[in-house]
Amino acid sequence: SQDIQGKGIFMRIDMDNPHGVDVVNGGGFRVGSSLVLSRGVLRNDSLNNFKMENGSTIRRMSGASVAYAPIFDSTVNVQYAGGAPMVIGPEIPTDTSVLSSLSVDNLGGITLNRNVTVNKTLQLSENINTEPSKDEKFMLTYHGRTNPEFSSYNAEVVGSFKRTYLPVAQRIFFNNSYTFLEFPSEEALGKTKSMTLRVKRKTFPESPGGNDKVHRMIQMTPLDENNVPVSTQIFATIGYAWRHSDIDTAVDETRSLSFKDLRLQRYIDNGWLDMKYAVVPAKWDTTYRWAYSTADSVTPFGEFAIGFDDFSRMILATRIFLEGPYRNGNMAADLATKSLVPSVPPNICPY
């Protein structure tokens, strides 16, 4: 292991020591441009620490880490790279205003162990998993005014992803490069100030009957300025997608369901209801193994699924014949003839 100390500024520090590096003698130095963690642990603590200058970058490789949160200036960028999955550490600021850009390029992606807020840009070539276990569910919040950059077909935010910049008449992309919302007008956006999509691959919807659907969970929660769910007077075009492959069962989420019959559905009144303007998913990306489609004029609130009507609920257009008053093809008027039908409110029928 090696020691590092000083009171000045290092423009760039590269740590490539499997035995690690210790910050000693109170630390106090600053990193002006970049801190590259290639191998080992950078051992700092509250008494022996350093500061990341405004706009600097921490690049963490798999197999390296920092032991304690550095002192952050107003903004910092964080990059992940390497050949193995990682769980985030103290390199991610807890102050929600500090993390400017996040880039995930390491094989297997990253897993959150707390809520994370990105303020400017988000780039993914691998996954960000926001739910490390059944009992641990975290949120990735993105304030950026540009859509996330998905530089790989496999990249997804698996779990809850919240966006706070919601322009109208533009596609607002969420968990992957095929899933988006588009609000046609301010009226369609209503009181919504932020939008959360919880999307989980290879997971059935939670409501009853969900195991008969495509193997993908989709939940949507629009929130007003007080973070209260908005469930009415909003509508949007929804772009939705799932992994589809006839040859790769490890990827496929269609599960041999009739592809041409699949529609976006919403769980309403204890049943799955087809979205009226869902488009038949006639196309899929055979190279990258995605199927995708759209649905117009959907209220993006609640639990959604991709499936087809299992006939658990039927809507019937019926004529009802009342056995008593019906005679020889006509309604019998015996009661009225005998003045037995009330004609004065509140007893008059109908009233």
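- The backbone N or O of Tyr153 lies less than 3.5 Å from no partner atom in the side chain of Arg289, so there is not a single donor-acceptor pair.
- For the pair Glu131 and Glu136, the minimum side-chain heavy-atom distance is 4.5 Å or more.
- A donor-acceptor pair shorter than 3.5 Å can be found between the side chains of Asn17 and Gln2.
- Thr121 contributes no side-chain N or O that, together with a main-chain N or O of Ser101, makes up a donor-acceptor pair within less than 3.5 Å.
- At a threshold of 4.5 Å between non-hydrogen side-chain atoms, the residues Leu112 and Ile92 do not count as touching.
- The side-chain heavy atoms of Leu124 and Asn176, taken from C-beta on, include no pair separated by under 4.5 Å.
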- [ ] Show your working on side-chain hydrogen bond (donor to acceptor under 3.5 Å, both in side chains) between Thr75 and Asn54 and close with a plain yes or no.
- [x] CA-CA 5 Å; Thr75 64; Asn54 184 39; 2.6 Å; yes

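- Defined by atom type and a distance below 3.5 Å, a donor-acceptor pair is present between the side-chain atoms of Asp105 and Ser103.
- A 4.5 Å side-chain heavy-atom check between His215 and Trp242 finds every atom pair outside the cut-off.
- Under the 4.5 Å side-chain criterion, counting only non-hydrogen atoms from C-beta, Phe50 is in contact with Asn44.
- Leu99 contributes atom CG, which lies 11.5 Å from atom OG1 of Thr141 (distance to the nearest 0.5 angstrom).
- Comment: Glu225 does not engage Lys193 in a salt bridge, judged by the lack of any side-chain N to carboxylate O separation of less than 4.0 angstrom.
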- [ ] Please test Asn147 against Arg163 for side-chain contact (heavy atoms from CB on, under 4.5 Å), starting from the C-alpha separation and ending with a verdict.
- [x] CA-CA 10 Å; Asn147 281 316; Arg163 293 202 61 179; 2.6 Å; yes

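- The hydrophobic cluster containing Phe180, built from Ile/Leu/Val/Met/Phe/Trp/Tyr side-chain heavy atoms closer than 4.5 Å, also comprises Phe173.
- Glu53 CD to Ser74 OG: the interatomic distance, rounded to the nearest 0.5 Å, is 9.5 Å.
- Using a distance-only test at 3.5 Å, with no hydrogens or angles considered, no donor-acceptor pair links the side chain of Asp274 to the main chain of Lys276.
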Task: Check against side-chain contact (heavy atoms from CB on, under 4.5 Å), Thr96 and Asn115 - done: CA-CA 9 Å; Thr96 59; Asn115 296 331; over 6 Å; no

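- Counting only distance, with no hydrogens or angles, the side chain of Arg243 and the backbone of Tyr288 share a donor-acceptor pair below 3.5 Å.
- The ring pair (Phe, Tyr, Trp, His ring centres under 6.0 Å) contacts involving residues 128-152 comprise nothing, where partners must be two or more places apart or lie in separate chains.
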- [ ] In sequence, state the C-alpha distance, the side-chain angles, and the governing distance for Tyr80 and Glu126, and then conclude on side-chain contact (heavy atoms from CB on, under 4.5 Å).
- [x] CA-CA 10 Å; Tyr80 292 94; Glu126 288 285 343; over 6 Å; no

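- Remark: the backbone N or O of Asn129 is not paired with any side-chain donor or acceptor of Asn127 at under 3.5 angstrom.
- Every residue two or more places apart in sequence or in another chain was checked for a salt bridge (charged side-chain N to carboxylate O under 4.0 Å, His left out) with Arg114, and none qualifies.
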Task: side-chain hydrogen bond (donor to acceptor under 3.5 Å, both in side chains) between Asp95 and Ser97, intermediate numbers included - done: CA-CA 6 Å; Asp95 187 328; Ser97 67; 2.8 Å; yes

